[in-house]
Each structure stands twice: as structure tokens, then as C-alpha cells.
Amino acid sequence: QVQLVESGGGLVQTGGSLRLSCAAAGRTFSDGIIAWFRQAPGKEREFVAGISGSSGITDYADSVKGRFTISRANARNTVHLQMNSLKPEETAVYYCAASDRRRLLVPTDRDRYAYWGQGTQVTVSS
């Protein structure tokens with residue numbers, strides 16, 4: 001059974017930083033894609049960042065470029081998302097998503113991801 005377990009969420013002030021982690025178990029995603037999405041209350045779930053295990057290519061939503069960094073641990077089944085200069089409008093539940101299909105580029109469409117974590121709450125206070 002595949003499990004994606006997120007950690008690292010919490011409460012932070014505007015301008016602060018958080019580091020999210022996603023650990024995958026039950027299946028290898030070493031050549032696949034692991035990504036982060038977020039969903040704020042009343043809004044659609046949106047792509048934040050992703051990384052390809054086969055190519056190392058990363059992709060980011062325009063709104064987070066220059067502030068967020070996604071990286072993969074040596075085991076490649078663990079991904080971190082370093083979030084800096086956080087804004088109140090980025091308050092949301094952050095979800096880890098994974099696809100075991102080998103791709104060079106990172107899909108931003110959530111339908112491309114078969115596996116999802118339970119989510120971790122990130123709250124940015126103003």
C-alpha cells in the first residue's frame with residue numbers, strides 16, 4: 001500500500017519560513033514525479049512545485065518562484081519544500097502528490113498524480 005506522509009506544517013508569521021517534507025513508502029518513485037499542491041478554503045487545489053526523479057527538472061508556480069525550493073533526498077523517495085517569505089494568502093492545506101510514471105517534465109495537472117498524502121496545514125499570520 002502506497003503512503004505519502006507529509007510533515008513540517010504549522011503556524012508562521014508573514015515573511016517567515018517553513019520546510020515541508022514528504023516521505024513515500026510502499027512504492028518507489030525514484031524515476032517518477034513528486035510534487036506539492038495546496039488548497040485554501042473555498043478554492044481549487046493548485047500546483048505549487050514538483051521535481052522529476054529521472055531528469056532532476058523542477059517546476060514552480062509563478063507565485064512561488066524565487067521563494068520556494070523543492071529538493072529530493074538521496075533516497076529519492078523523500079522530497080522537501082523549503083518555503084521562504086511566506087504570505088498570509090498562502091495559508092492552505094499542502095498536499096504531497098506522486099506519480100510513478102517516468103517523465104522528464106513536471107505535470108502541473110493534479111489528474112496526472114495517482115497518489116496523494118493527507119495534507120499538512122500551513123497557516124501564515126498577518
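No experiment lies behind these values; they were computed from the predicted model shown.
In the hydrophobic clustering of this structure, Tyr115 groups with Ile70; members are Ile, Leu, Val, Met, Phe, Trp, Tyr whose side-chain heavy atoms approach within less than 4.5 Å, directly or through other members. Hydrophobic clustering (side-chain heavy atoms under 4.5 Å, transitive across Ile, Leu, Val, Met, Phe, Trp, Tyr) groups Tyr60 together with Val124. One hydrophobic cluster, built from ILVMFWY side chains closer than 4.5 Å, cannot hold both Phe68 and Phe47; they sit in different ones. When the side chains of ILVMFWY residues are joined at heavy-atom separations under 4.5 Å, either directly or via intervening members, Ile51 and Tyr113 end up in two distinct hydrophobic clusters. By the rule that hydrophobic residues join a cluster once side-chain heavy atoms approach within less than 4.5 Å of another member, Leu4 and Ile33 end up as members of separate clusters.
Side-chain atoms of Glu6 and Trp116, non-hydrogen and from C-beta on, never get closer than 4.5 Å to each other.
Applying the 6.0 Å contact sphere to CD of Gln118 captures no more than 12 heavy atoms from other residues, nucleotides or ligands.
Considering CZ of Arg102 and OG of Ser55, their distance stands at 8.0 Å, rounded to 0.5 Å. We find the NZ-OG1 distance between Lys65 and Thr58 to be 9.5 Å, quoted to the nearest 0.5 Å. To the nearest 0.5 Å, the span separating CG on Leu105 from CG on Asp59 amounts to 8.0 Å. In this structure, CG in Asp100 is found 9.0 Å from OG1 in Thr28, a value given to the nearest 0.5 Å. Residue Ile34 holds its CD1 atom at 10.5 Å from OG of Ser52, rounded to the nearest 0.5 Å. Note that the CD atom of Gln13 and the OG1 atom of Thr123 stand 13.0 Å from one another [nearest 0.5 Å].
Counted by atom type alone, Ser71 and His80 present zero donor-acceptor pairs between their side chains at under 3.5 Å.
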For Arg112 and Ser99: C-alpha separation, side-chain torsions, deciding distance, then whether side-chain contact (heavy atoms from CB on, under 4.5 Å) applies. CA-CA 7 Å; Arg112 299 294 185 96; Ser99 168; 5.9 Å; no
- Under the side-chain contact (heavy atoms from CB on, under 4.5 Å) criterion, do Leu20 and Met83 qualify, and how do the steps go? CA-CA 8 Å; Leu20 304 183; Met83 307 187 295; 3.7 Å; yes
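When atom types are taken as modelled, the side chain of Arg72 and the backbone of Val79 share no donor-acceptor pair closer than 3.5 angstrom. Judged purely by atom type and a 3.5 angstrom limit, Ser54 uses its side chain to pair as donor or acceptor with the backbone of Arg103. Side-chain atoms of Thr14 come within 3.5 Å of backbone N or O of Ser125 as a donor-acceptor pair. With hydrogens and angles ignored, the 3.5 Å screen pairs no side-chain donor or acceptor of Gln82 with any backbone N or O of Thr69.
Of the candidates Trp36, Tyr95, Phe29, Tyr94, Trp36 is the only one forming a side-chain contact (heavy atoms from CB on, under 4.5 Å) with Cys22. The side-chain contact (heavy atoms from CB on, under 4.5 Å) test with Arg38 singles out one residue from Val64, Val122, Val93, Thr91, and that residue is Val64.
Partners of Asp111 by salt bridge (charged side-chain N to carboxylate O under 4.0 Å, His left out), not counting sequence neighbours: none found.
The pair Lys43-Glu89 fails the salt-bridge criterion, with no side-chain N (NZ, NE, NH1 or NH2) lying under 4.0 Å from an Asp/Glu carboxylate O. Ion pairing between a basic and an acidic side chain is recognised when a charged N comes within 4.0 Å of a carboxylate O; Glu44 and Arg110 show such pairing.
The two residues Arg27 and Asn77 come nearest to each other via the heavy atoms O-ND2, 2.9 Å. Residues Pro88 and Ser126 come closest through the heavy atom pair CG-CB, 3.9 Å.
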